[in-house]
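Comments concern the structure below.
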Amino acid sequence: MKRLVVGFLISIAAAGPSHGQTVTMESYLNKVRLRHPYFASEQLQPAIEAKNRDSYLGRQDWVATSSAYFAYQRPLSNSAFAPEETYAAGIDAGLERTFWGTGGQFAIFWESRATDQRLPEIVIPGGPNDIAIPIGPQRFYENRIYARYSQPLLQDRGGLLNRLEYELADYNINFAEVQSLENQENFLLDVALLYLDWVMIVEEHRISNERLKFAEEQLDQITRRRDAYLVDDVDVLRAQDALQVAKQAVVRNESQFIARRAELAVLVQDNGLNELFPEFDIYEEATLPTADDAIADIQHQRIVRALTVRLGQLSHQKVGFQETTKAQLYLNLAGGVQEGDRLYFEALNLDRPEVSVSLDFRYPLGNRTARNDVAKTNLEIRQLEEQIKSVSIDLEAEIRKILIQIDELVKIMALNREQIETAREKTKAEQERYEQGRGALNFVIQSRDDEFIAQLRLAINAATYHQLVLTYRALADELLPNS
């Protein structure tokens, strides 16, 4: 069949564009994808998740720390050598970093202290001039620089737990990408169905317009026959009533067409669409696979892939929980140099080394928290595996149902076409009987209405056919290009 490009009546067509100005469904959907803000919004979601993931990279950054303090104390004295009062001040500065590749933590610090204390003196009697011997310096400065490295030997060896949240966030990006495409395709399906409804309105208008022309021709013929005293006035009234009904249908279709076109123009953000007509062959049959071929690749459908991404995330999280069941054993290495003196600059001559090596062990008896986390994740994995099976079954059932409905509609439309031909032959026969005076006008009008109703049924079934095709294409992830 030729492409369906239908205009309005002369009054509408005179004010509107030529029939050459049309828009196909594919062209319209492409414009919607490019211009509607919904698609831009959905496409940002994976980028948002990527930024959220990258925020965990900050845990590898060098962290600068510093602190300063001042203290005053009058200590309780239980010794003759204890200070009577003490003033102390100090400043610390350092850098720390966690290494994801090993799980280790490194830190380097600089410390500077100053102490001013009033100490008692040892007095040696010596007559009028006693000898006072200080027991220590009144003012003392300390400087120190040291480095510390802590390496996990059991739990988190290799930095698995340090990287875990970053790696789990990778799955969120993949899930967001799949979900974004699915949301876009569902939106595109809704818009495509609106376009198809627009096409259906045009086809209804074509059928109503044919009915109107027939009613006008019928009224003109009946009027001439009445003027020739061949029929009664009641036949003219019947023809006029049929004409009014046909006019009402045409006007209703025209208002629906304008309203739907205005809606689509807003969706595509293009006022120029208000001057266009749809170009779509509503009676053309699509090439579709068999049901077995359609479900052969069902595990790669987006709705299944989304759940598979979540399954991978849970499996990766389980590895992290299993890591926490291990004991914590850390090898700690530290070393540095220091110096202290009554003179500040002398205290900067750092020549007193210090080195330490230690092992820290920690293991909760029973370790119930970690073990229950692993057990819970195992159950969640089993649950999600069953959900994937359930969704796959539902998807297969829906695809098979839709393809069967499509096949049956093809058969129904073939019957519709036969019914149209039968109705046309009946109308022709009733018209001949009426002109010969052997039939009533009511039978002619009714027969002609039956013909239009049959055409309308064919159009409705054809529209339903393409609705199902669009739905199948959306289920098969074929509606959204480059997905």
Side-chain angles (χ1 to χ4, degrees), residues 1-4 24-30 32-33 174 177-200 203 278-311 384-421 454-455 457-483:
M1 284 190 175
K2 65 178 181 180
R3 290 282 183 180
L4 175 62
T24 64
M25 179 183 289
E26 182 180 2
S27 174
Y28 179 76
L29 295 182
N30 286 337
V32 172
R33 288 178 57 237
N174 294 336
E177 289 173 346
V178 176
Q179 188 63 50
S180 172
L181 291 172
E182 187 68 12
N183 292 343
Q184 291 177 58
E185 186 159 61
N186 289 336
F187 185 88
L188 209 59
L189 174 61
D190 292 339
V191 175
L193 292 176
L194 289 177
Y195 178 95
L196 189 60
D197 184 55
W198 188 34
V199 174
M200 181 60 191
E203 179 64 2
E279 180 181 343
F280 188 86
D281 188 352
I282 199 172
Y283 301 109
E284 182 180 7
E285 295 181 11
T287 301
L288 298 173
T290 64
D292 290 337
D293 290 339
I295 66 171
D297 203 31
I298 202 169
Q299 294 301 318
H300 293 90
Q301 299 300 320
R302 272 196 297 268
I303 188 171
V304 179
R305 281 165 46 204
L307 293 176
T308 304
V309 170
R310 288 303 189 204
L311 181 62
L384 196 53
E385 288 173 343
E386 296 303 320
Q387 288 177 352
I388 290 175
K389 293 178 184 178
S390 175
V391 168
S392 299
I393 291 173
D394 292 344
L395 187 58
E396 177 182 350
E398 187 68 17
I399 288 175
R400 288 187 181 277
K401 180 188 76 173
I402 289 176
L403 290 177
I404 290 173
Q405 288 177 320
I406 289 173
D407 289 340
E408 293 304 310
L409 273 173
V410 172
K411 299 175 184 178
I412 292 173
M413 286 190 291
L415 295 175
N416 289 149
R417 292 185 178 94
E418 293 178 5
Q419 186 179 18
I420 291 171
E421 291 302 319
Q455 291 182 28
R457 284 174 181 166
L458 174 61
I460 291 173
N461 287 329
T464 303
Y465 171 89
H466 284 286
Q467 287 174 357
L468 292 172
V469 170
L470 288 171
T471 304
Y472 165 76
R473 290 181 61 195
L475 283 175
D477 299 338
E478 296 175 357
L479 190 58
L480 186 66
N482 305 319
S483 61

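- Considering N416, I412, I282 in turn, N416 is the only one that fulfils the side chain to side chain contact (heavy atoms under 4.5 Å, CB included) rule with L458.
- Residues satisfying the salt bridge (charged side-chain N to carboxylate O under 4.0 Å, His left out) test with E385, not counting sequence neighbours, are none.
- Closest of all the heavy-atom pairs between Y472 and P289 is OH-CG, 3.1 Å.
- K401 pairs by the side-chain contact (heavy atoms from CB on, under 4.5 Å) definition with E398, Q405, not counting sequence neighbours.
- With sequence neighbours left out, R400 forms a side-chain contact (heavy atoms from CB on, under 4.5 Å) with A291, D292, I295, E396.
- Under the side chain to side chain donor-acceptor pair (under 3.5 Å) criterion, E285 pairs with no residue, sequence neighbours left out.
- With rounding to the nearest 0.5 Å, the separation of CZ in R302 from CG in N183 is 9.5 Å.
- In this structure, CD on E279 lies 16.0 Å from OH on Y28, to the nearest 0.5 angstrom.
- Under the 3.5 Å distance criterion, the side-chain polar atoms of H466 are left unmatched by any main-chain donor or acceptor of L196.
- Rounded to the nearest 0.5 Å, atoms CG (L288) and CD (E478) are 8.5 Å apart.
- What you find for Q299 and S392 is that their closest heavy atoms are NE2-OG, 3.3 Å.
- For the side-chain contact (heavy atoms from CB on, under 4.5 Å) test, residues two or more places apart in sequence or in another chain that qualify with I404 are E408.
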Report the C-alpha separation of F280 and W198 in whole Å, then their side-chain angles, then the decisive distance to 0.1 Å, and conclude whether the side chain to side chain contact (heavy atoms under 4.5 Å, CB included) test is met. CA-CA 10 Å; F280 188 86; W198 188 34; over 6 Å; no
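- Each salt bridge (Lys or Arg N to Asp or Glu O under 4.0 Å) pair with one or both residues in residues 186-198, not counting sequence neighbours, appears once here: D197-R260.
- Not counting sequence neighbours, the partners of T290 by the side chain to side chain donor-acceptor pair (under 3.5 Å) test are D293.
- Contact detail for A474 and L189: the closest heavy-atom pair is CB-CD2, 4.0 Å.
- More than 12 heavy atoms of other residues, nucleotides or ligands shown are found within 6.0 angstrom of CD1 on I420.
- At distances below 3.5 Å, at least one donor-acceptor pair connects side-chain atoms of E185 with backbone N or O atoms of L479.
- From L395, atom CG reaches atom CD1 of I388 across 13.0 Å, with rounding to the nearest 0.5 Å.
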Criterion side chain to side chain contact (heavy atoms under 4.5 Å, CB included) on N186 and E182, from CA distance to verdict: CA-CA 6 Å; N186 289 336; E182 187 68 12; 4.0 Å; yes
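- Closest approach of R457 to Q419, counting heavy atoms only: NH1-NE2, 3.3 Å.
- A donor-acceptor contact shorter than 3.5 Å is absent between the side chain of D477 and the backbone of Q301.
- Remark: L480 CG to F187 CZ distance equals 12.0 Å, nearest 0.5 Å.
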Can T471 and Q467 be said to form a side-chain hydrogen bond (donor to acceptor under 3.5 Å, both in side chains), step by step? CA-CA 6 Å; T471 304; Q467 287 174 357; over 6 Å; no
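- Residues M200 and A463 come closest through the heavy atom pair SD-CB, 3.9 Å.
- Between the side chain of S390 and the backbone N or O of E386, no donor-acceptor pair lies under 3.5 Å.
- Every residue two or more places apart in sequence or in another chain that forms a side-chain contact (heavy atoms from CB on, under 4.5 Å) with E177 is listed here: P46, I173, N174.
- With sequence neighbours left out, R310 forms a side chain to side chain donor-acceptor pair (under 3.5 Å) with N172, Q313.
- Evaluation of the side chain to side chain donor-acceptor pair (under 3.5 Å) rule for D297 yields H300 as partners, not counting sequence neighbours.
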For N30 and S27: C-alpha separation, side-chain torsions, deciding distance, then whether side chain to side chain contact (heavy atoms under 4.5 Å, CB included) applies. CA-CA 5 Å; N30 286 337; S27 174; 5.6 Å; no
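- Residues forming a ring-ring contact (aromatic ring centres under 6.0 Å, His included) with Y465 (at least two apart in sequence, or on another chain): none.
- With rounding to the nearest 0.5 Å, the separation of CG in D394 from CD1 in I303 is 8.5 Å.
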